[in-house]
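Presented below is the structure to which this report refers.
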Number of protein chains: 2
Amino acid sequence: MSRRRVTLADLAEAAGVSRTTASLVMTGRGRELRISHDVEQRVLRAADELGYRPNAVSVGLRTGTTRTIGFVSDTVATSHLAGDMIKGALEAARERGVMLFIGESEGDPELERGLLHAMQDRQVDGIILAAMFTRTIKVPKDIGPAVLLNALPRPASGLPSIVPDEIEAGRSAARVLLDAGHHDEVYVIGAGPTLQDVPADSVAAVERLIGIRETGLKIAGARVCPDWQPEHGLAATRALLADHRPRALICLNDRVAIGAYQALAEAGLSVPGDVSVVSFDDHPIASWMWPKLTTVALPHYELGRKAVEVLFAQMAGEVEPGQVFRVPMPVRHRESVVARA
Amino acid sequence: MSRRRVTLADLAEAAGVSRTTASLVMTGRGRELRISHDVEQRVLRAADELGYRPNAVSVGLRTGTTRTIGFVSDTVATSHLAGDMIKGALEAARERGVMLFIGESEGDPELERGLLHAMQDRQVDGIILAAMFTRTIKVPKDIGPAVLLNALPRPASGLPSIVPDEIEAGRSAARVLLDAGHHDEVYVIGAGPTLQDVPADSVAAVERLIGIRETGLKIAGARVCPDWQPEHGLAATRALLADHRPRALICLNDRVAIGAYQALAEAGLSVPGDVSVVSFDDHPIASWMWPKLTTVALPHYELGRKAVEVLFAQMAGEVEPGQVFRVPMPVRHRESVVARA
DNA sequence: TCGCATCGCTAATCCGATTTAGCAAAGGGA
DNA sequence: TCCCTTTGCTAAATCGGATTAGCGATGCGA
């Protein structure tokens, strides 16, 4: 039904010129290569009439660049938490006329290799290696131009990294409470009080704690969670409330905060009247909770954008080997923190 | 640093044969074209040693098929709700050795055209046109092999569609209540009682209502919501409770149910003790609510898988023009429904 | 008028594979 | 021994562009 695609040869014939000339005009090198204004117009008009669009596969083969990048993640692509990362990458890519391949390795190195190969075979211009949770990863050999998103290379690899600025986020959370007059009776749920008391492999936990402590906020106590799920937050907060009467809680993420809300309600304590709560991540649920949760947001969208920007900057030679880009985590002020009486 | 890729020419030279022979062996047509076992082994060994992998761009140019498909959505790709759709598509694609381009049109037809062009220019073998919420869409001309995901073509277009089976889901939700002995005093929140009382353009609302009513469940009353957000569910349920004392609620999605929970709590009613609640979507939040919400799940993952399967079936000529595939919506039995005393 | 530069365009090659057509050598029948 | 197949492989064309090298015509200075 639909006619064969219009090729450069068709265009050349329609305009009555050689394929070379047609190509020169279409790639904008007409001026440079002394094609007359008259012929140029003829070609452009024909291109318009025929609806000529160059075959990107052919261009890719000839030039070696496909205006395509690969986005390989452990599972981020489809996660309910971090889809915005893809969105940021997608928009930054579109602005550059670049398409995105996506793939999920599910943490399987064999699968990851396969995906990287499939992408390299398709001549992607670069690759974004993304992780669901901020962590260190081993970088495959011969990966070509690449950046790490939400991840740091385990042995230094020279690849640039883009990560959320968790330490500053920790400071921000603490400052939210300090600014509200909470100088003591502040407890931490999810990790702490020492940097050893954290869920396994959690870069976020460690850095958030560091940031919190740097502000000088006095941490009255803390409860670790083996994992940051609502039920763990619930259990940890219940345990805390058995012996203590907090005036403020720093929950190490929003899911933990859900559990904390629950435990506080059980204990007959109101948020924020009796206890102020501040958290991290800005999971969508944070603005559905009641009262709405004040939280320090993971900037997924910005992380995704930045990854593409850095990838291109790197290909242009504008990035130091191993450079780490920290993306600020903004505070979402909502209803769960109130000034201390 | 990393050596130039190994090409077919390199392989041929290493094996001491012509490029033709090397190609025949590598594409498995050696037998057919009478290449001797000896030579075949020589080529295979060389390929293994050199780590030869065919350049997919070149193959794409020559054969016209790229083992690549495009996934274009209004916004589904990055939505917190439907990332699983991508995941299903991704896995089904991987099983077939196919890569996925993704793109988001954000509902902008101009942007959509651009994305489709970018994909067609890259010679994708087929396209999945996906929608965030089930709805009817206008299908662009000359789209080539394509399927509609979570969408139906506005003027019939011959393209196959994959949609969740919302009518059966409505029946399922009603049956959950009927099975628990709720034959009356059941109210609907979000739409109804008639098929005109629905949010604009909501296929889901209409079909869920149809299914609910088909079971013969007596709907004691209903409240429409302009949009299915928690605050609307809250308002609608408050309004309902002002005049009525329900024993069960069918919320038309989980976000509405959050609001309903809130309103019930305000009114001093417990779930499920006083009021059973059943809902739709199985948003992640449903299993975090307290008590955990019984809900009829949108099978995002299965929808995504099915889209890829149908796309390939269609290219193989195994699909009727305009065929509609309805994917079952399973009930997630949790804690919000209890047998009526 | 001759030689040379410039102008305006095109022929030919290349990218890395697949595929068609065909060639040289060996085998088989008369 | 001659001719015809069959066997086993390869040369060459092709996909759709980008790019290099170069060709004929014109203009200019000497």
Side-chain angles (χ1 to χ4, degrees), chain A residues 3-44 46-47 50-68 118 120-125, chain B residues 3-44 46-47 50-68 117 120-125:
Chain A
R3 258 181 351 289
R4 193 177 51 80
R5 266 185 83 102
V6 177
T7 72
L8 186 64
D10 299 331
L11 172 59
E13 187 180 14
V17 299
S18 70
R19 277 155 50 223
T20 306
T21 302
S23 173
L24 290 175
V25 170
M26 297 314 288
T27 51
R29 309 213 312 144
R31 269 294 117 75
E32 179 189 345
L33 268 287
R34 306 184 307 245
I35 301 297
S36 69
H37 183 260
D38 177 43
V39 168
E40 183 176 46
Q41 287 307 311
R42 203 140 39 94
V43 173
L44 290 177
L50 271 55
Y52 171 72
R53 296 201 319 266
N55 179 324
V57 174
S58 174
V59 174
L61 177 59
R62 181 62 234 248
T63 65
T65 135
T66 52
R67 304 214 64 79
T68 293
Q120 288 164 345
D121 293 350
R122 285 171 176 76
Q123 302 265 73
V124 294
D125 296 334
Chain B
R3 260 178 352 288
R4 191 178 53 80
R5 267 185 82 102
V6 177
T7 70
L8 186 64
D10 299 331
L11 172 60
E13 187 180 12
V17 300
S18 70
R19 276 153 52 220
T20 305
T21 303
S23 173
L24 290 174
V25 171
M26 296 313 290
T27 50
R29 310 213 311 142
R31 268 296 116 77
E32 178 190 345
L33 267 288
R34 306 184 305 246
I35 301 297
S36 69
H37 184 259
D38 177 43
V39 167
E40 182 176 47
Q41 288 306 309
R42 203 140 38 92
V43 173
L44 290 175
L50 269 56
Y52 171 72
R53 295 204 317 268
N55 180 324
V57 174
S58 176
V59 175
L61 177 59
R62 181 61 234 250
T63 66
T65 133
T66 53
R67 304 214 63 80
T68 293
H117 281 173
Q120 289 164 344
D121 293 351
R122 285 171 177 76
Q123 303 265 74
V124 295
D125 296 333

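Sequence lines set the chain letters: A, B, ... in the order given, protein chains first and strands last, and positions in each chain run from 1. Nothing here was measured: the structure is a model prediction, and the numbers come from that model. Computation of the quantities below employed the complete heavy-atom set of this structure, encompassing side-chain atoms and omitting hydrogens, waters and symmetry-equivalent molecules.
A donor-acceptor contact closer than 3.5 angstrom links the side chains of B:Thr68 and A:Arg122.
You'll find the side chain of B:Asn55 stays beyond 4.5 Å of the side chain of B:Thr7, heavy atoms only.
The residue A:Val57 sits apart from the nucleic acid: no heavy atom pair falls under 4.0 Å.
At whole-Å resolution of the value, CZ in A:Arg31 and P in C:dG8 are 10 Å apart. One atom, NE2 of B:His37, and another, P of D:dT7, lie 17 Å apart when rounded to the nearest Å. In this structure, CG of B:Leu8 is placed 12 Å from P of C:dT19, rounded to the nearest angstrom. Distance CZ (B:Arg5) to P (C:dA17): 7 Å, rounded to an integer number of Å. Atom CD1 of A:Ile35 is separated from atom C1' of D:dT19 by 13 Å (rounded to the nearest Å). Between the P atom of D:dG16 and the CZ atom of A:Arg53 lies a distance of 14 Å, rounded to the nearest Å. Rounded to whole Å, the distance from CG on A:Leu61 to C1' on C:dC14 is 9 Å. We find that CG of B:Leu24 is positioned 15 Å from P of C:dA21, with the value rounded to whole Å.
Between the CZ atom of A:Arg29 and the CZ atom of A:Arg34 there is a distance of 12.0 Å, given to the nearest 0.5 Å. Rounding to the nearest 0.5 Å places CD of B:Gln123 at 9.5 Å from OG1 of B:Thr65. Rounding to the nearest 0.5 Å gives a distance of 11.5 Å between OG of B:Ser58 and CG of A:Asp121. Taken from CZ in A:Arg31 to NE2 in A:His37, the straight-line distance is 6.0 Å, to the nearest 0.5 Å. Taken to the nearest 0.5 Å, the CG atom of A:Leu24 stands 7.5 Å off from the OG atom of A:Ser18.
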With the criterion being N/O to N/O and under 3.5 Å, what pairs connect the protein with nucleotides 23-27 of chain C, and how long is each?
none

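The phosphate of D:dG16 (OP1 or OP2) has no side-chain N or O of A:Tyr52 nearer than 4.0 angstrom. Look at A:Thr27 and you won't find any side-chain N or O under 4.0 angstrom from OP1 or OP2 of D:dG17.
Contact between A:Leu11 and A:Ala47 at its shortest, heavy atoms only, is CD1-N, 3.3 Å.
Residue order along DNA chain D, read from the 5' end via each residue's closest nucleotide, puts B:Asp38 first among B:Asp38 and B:Ser58.
When the nucleotides C:dA17, D:dT19, D:dG17 are ranked by their closest atom to the side chain of A:Asn55, D:dG17 comes out on top.
Using a 4.0 Å cutoff on non-hydrogen atoms, the parts of residues 12-23 of chain A near DNA chain C are A:Val17, A:Ser18, A:Thr20, A:Thr21, ordered by number.
Within a 6.0 Å sphere centred on CD of A:Glu13, heavy atoms belonging to other residues, nucleotides or ligands number 12 at most.
A:Arg62 contributes a side-chain N or O that forms a donor-acceptor pair with the base of D:dA18 under 3.5 Å.
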